[in-house]
Structures are given as C-alpha cells and as structure tokens.
Amino acid sequence: MSDCIFCKISQGQFGTSFLYEDEEIVVFRDINPKAKTHLLIVPKKHIDSVMTLEESDELLMGKLVMAGKKVAADLKLDGYKLQIHVGESGGQEVFHVHVHLLSNQG
Ligand code: 5GP
Ligand code: ZN
C-alpha cells in the first residue's frame, strides 16, 4: 500500500521514534493525543481493518496486544484502554489496522 501513512511510518520513512519495534510491529505516539499517553500499536503488514482480517492474521493480532502490554509495563502504566476502531462508522480514519493504547498516566 504505497499511499498508506501507517505503512510509511512503520517502514521508518518519516523517522518516527518508536517506543517498541520488532519484525512485525511498531508502537509510536499518536500525533493528536486524546489522553496523556496515547500510543498506536501497528503491524508492519498492511491490513485495511478488522473487517478484512483473515484467519492467518489471528496470531499477529494477539501480538499487538502483547506489544501494548510490554510498552505499558515499560512506561509503568497501571491502567490503560486498548481500543480498535472498525470501519468509518466505527470511527476508523486510517485504514491500516491498529490498536490505540490510552492512559491518563505516563
Ligand atoms: P483511527 O480513528 O483510524 O483508529 O485512528 C487513527 C489515529 O491515527 C488518530 O488518532 C490520528 O490522530 C492518528 N494519526 C493520523 N495520522 C498520523 C500520523 O501521521 N502520525 C501519527 N503519529 N499519528 C497519526
Ligand atoms: Zn498500510
């Protein structure tokens, strides 16, 4: 997806600083934070939305939650929300699947 902003960010094209990175996932701060800590947990693989997930994406989606858990522990957050917006009417603006991590701590 050459015109996808999260593909470009996850490939390092903008020099975004990552709180976490592995072969499959990056975590970075939301540009327009809606909480004191607002992170985006993003797979490097382009998937439009939860609506277009395939069976083979099941493990990857679990890894997004595990990456959020790890970064939250690194930041010493003792509570947070994990949110996924699905589809335009579900509030999704960027059509590259991602999990929001929101906390009033951090
Ligand atoms: P969605 O509503 O699609 O779940 O959330 C997309 C999120 O991505 C929004 O909270 C928005 O602020 C964030 N966002 C959009 N473009 C950029 C960007 O270029 N950089 C970063 N760091 N966040 C972005
Ligand atoms: Zn993408």
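We count residues from 1, following the sequence as given. One-based numbering, in listed order, for ligands and for the atoms of each. A quick note: this is a predicted structure, and the numbers were derived from the prediction, not measured.
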Side chain to side chain contact (heavy atoms under 4.5 Å, CB included) assessment of Leu82 paired with Ile41: CA-CA 9 Å; Leu82 296 175; Ile41 308 162; 4.2 Å; yes

Main-chain N/O of Asp22 paired to Lys44 side chain as donor or acceptor, under 3.5 Å: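 Present.
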
Phe14 and Phe28 aromatic centres sub-6.0 Å: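 Here the rings of Phe28 and Phe14 have centres that are no less than 6.0 Å from each other.
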
Distance flag, aromatic centroids of His100 and His98, threshold under 6.0 Å: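 Aromatic pair counts; centres sit under 6.0 Å.
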
Metal-centred angle, ND1 of His96 through the Zn ion (ligand 2) to SG of Cys4, rounded to 10 degrees: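 The ND1/SG angle about the Zn ion (ligand 2) sits at 100°.
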
The Zn ion (ligand 2): angle it makes with ND1 (His46) and SG (Cys7), nearest 10 degrees: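 Roughly 110°, rounded to 10°.
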
Salt bridge (Lys or Arg N to Asp or Glu O under 4.0 Å) partners of Lys69, counting only residues at least two apart: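 For Lys69 there are no salt bridge (Lys or Arg N to Asp or Glu O under 4.0 Å) partners, ignoring immediate neighbours.
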
Heavy-atom neighbours of Glu58 CD exceed 12 at 6.0 Å: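 No, the 6.0 Å shell around CD holds no more than 12 heavy atoms from other groups.
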
Separation of Lys81 NZ from Leu101 CG (nearest 0.5 Å):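 Going from CG on Leu101 over to NZ on Lys81, the span is 11.5 Å.
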
Per-ligand residue contacts, ligand 1, heavy-atom threshold under 4.0 Å: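 Within 4.0 Å of ligand 1, the protein residues are Ile5, Phe6, Ile9, Phe28, Arg29, Asp30, Ile31, Asn32, Lys34, Leu40, His85, Gly91, Gln92, Glu93, Val94, His98, His100.
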
